[in-house]
Amino acid sequence: MNKLELKLCILGNLGVGKTSIVNRYTKGVFSLSYKSTIGVNLVRKDINIEDFGDVGIQIWDLAGQQSFKIFHKKYLQGADGAFIVYDVTDTLSFKKIDEWIEIFKKSGGKSPIHLIGNKIDMRGSISVSENEGKSYAEEKKIGFTTTSAKTGDNIENAFLGLVRTILKKK
Ligand code: GTP
Ligand code: MG
């Protein structure tokens with residue numbers, strides 16, 4: 001049998017750390033310098049899920065910049081699931097989650113969504129509490145993880161969480 005291949009998309013405002021999360025997860029690296037994504041950044045990784053087996057995942061890391069919105073529909077087509085990321089030090093990025101969910105639902109149908117509150121290493125500057133993120137996710141009935149791409153905290157858990165939810169549905 002051919003190995004299962006999943007398409008995951010990662011969405012959210014400019015600079016919330018989408019590319020950093022993907023780089024941490026797929027390459028184990030982190031950089032403080034910011035290079036805004038142009039269009040889309042595509043990455044692949046093979047993983048093994050306990051009680052399931054090997055799964056290939058394609059990660060479509062979309063640019064947060066408004067000018068790339070015209071590509072969203074095309075990039076999101078056929079997605080098996082999506083991460084929507086906000087920055088815990090940036091309240092606006094949290095307020096925009098509703099819009100990102102709408103964008104994904106319009107193109108991604110009923111595929112599972114997993115919310116990520118990133119940059120939890122920036123302890124002194126946190127403006128969106130873990131509870132706010134958690135209640136929002138509960139209300140929307142979506143998964144939720146707080147992460148740090150810088151320290152690597154919970155990055156693996158977030159991916160496993162979404163992939164398991166997708167596999168349960170399939
Ligand atoms: P766009 O591609 O422009 O939409 O941005 P992005 O969401 O991909 O953000 P990116 O990963 O490029 O990160 C933006 C900035 O935030 C960079 O300077 C990163 O180093 C920094 N950053 C990302 N994640 C973290 C984190 O967990 N902790 C800290 N302290 N900084 C982070
Ligand atoms: Mg990026």
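Note that ligands are numbered from 1 as they come in the structure, with each ligand's atoms numbered from 1 the same way.
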Run the numbers for me: atoms of ligand 1, each under 4.0 Å from some heavy atom of Ser31, listed by number.
19 (C), 20 (O)
Could an N or O of ligand 1 be found under 3.5 Å from any N or O of Gly15, whether backbone or side chain?
yes
Tell me the closest heavy-atom pair linking Gly56 and Asp46, and the distance in Å.
CA-OD1, 3.8 Å
Is Lys18 close to ligand 1, meaning an N/O of one under 3.5 Å from an N/O of the other?
yes
Per-atom filter on ligand 1: closer than 4.0 angstrom to a heavy atom of Asp121 are 26 (C), 27 (O), 28 (N), 29 (C), 30 (N)
With nothing but distance in play, are any N or O atoms of Thr19 less than 3.5 Å from an N or O of ligand 1?
yes
Quick one, Lys169 and Pro112 - any side-chain contact, counting heavy atoms below 4.5 Å?
yes
From Asn41, does some N, O or S atom reach closer than 2.8 Å to the Mg ion (ligand 2)?
no
Do Gln77 and Ser107 come close enough that some side-chain heavy atom pair is under 4.5 Å?
no
May I ask you to list the atoms of ligand 1 that are less than 4.0 angstrom from any heavy atom of Ser148?
27 (O)
Please determine if Lys45 forms a cation-pi arrangement with Tyr25, meaning its NZ or CZ atom is less than 6.0 Å from the six-membered ring centre and no more than 45° off the ring axis.
yes
Which of the listed options, Lys35, Lys119, Gln65, holds the heavy atom that is closest to atom 22 (N) of ligand 1?
Lys119
Is Val163 close to Ile57 at the side-chain level, that is, under 4.5 Å between some pair of heavy atoms?
yes
Under 2.8 Å: N/O/S of Thr19 next to the Mg ion (ligand 2)
yes
Do any N/O atoms on Phe30 end up under 3.5 angstrom from N/O atoms on ligand 1?
no
Output yes when the distance from some N or O of ligand 1 to some N or O of Leu32 is under 3.5 Å, and no in every other case.
yes
Between Ser127 and Phe94, is there a side-chain heavy-atom distance shorter than 4.5 Å?
no
Under 3.5 Å, is there a donor-acceptor pair between the Asn13 and Trp100 side chains?
yes
Validation row: Leu62, His72 side chains within 4.5 angstrom (heavy atoms):
yes
Could you tell me, atom by atom, which parts of ligand 1 come under 4.0 Å of a heavy atom of Met122?
30 (N)
Please name the pair of heavy atoms, one in Ile155 and one in Thr147, separated by the smallest distance, quoted to 0.1 Å.
CD1-CB, 3.7 Å
Considering both backbone and side-chain atoms of Leu62, is one of its nitrogen or oxygen atoms within less than 3.5 Å of a nitrogen or oxygen in ligand 1?
no
Provide the number and element of each atom of ligand 1 under 4.0 Å from a heavy atom of Ser20.
10 (P), 11 (O), 13 (O), 19 (C), 23 (C), 24 (N)
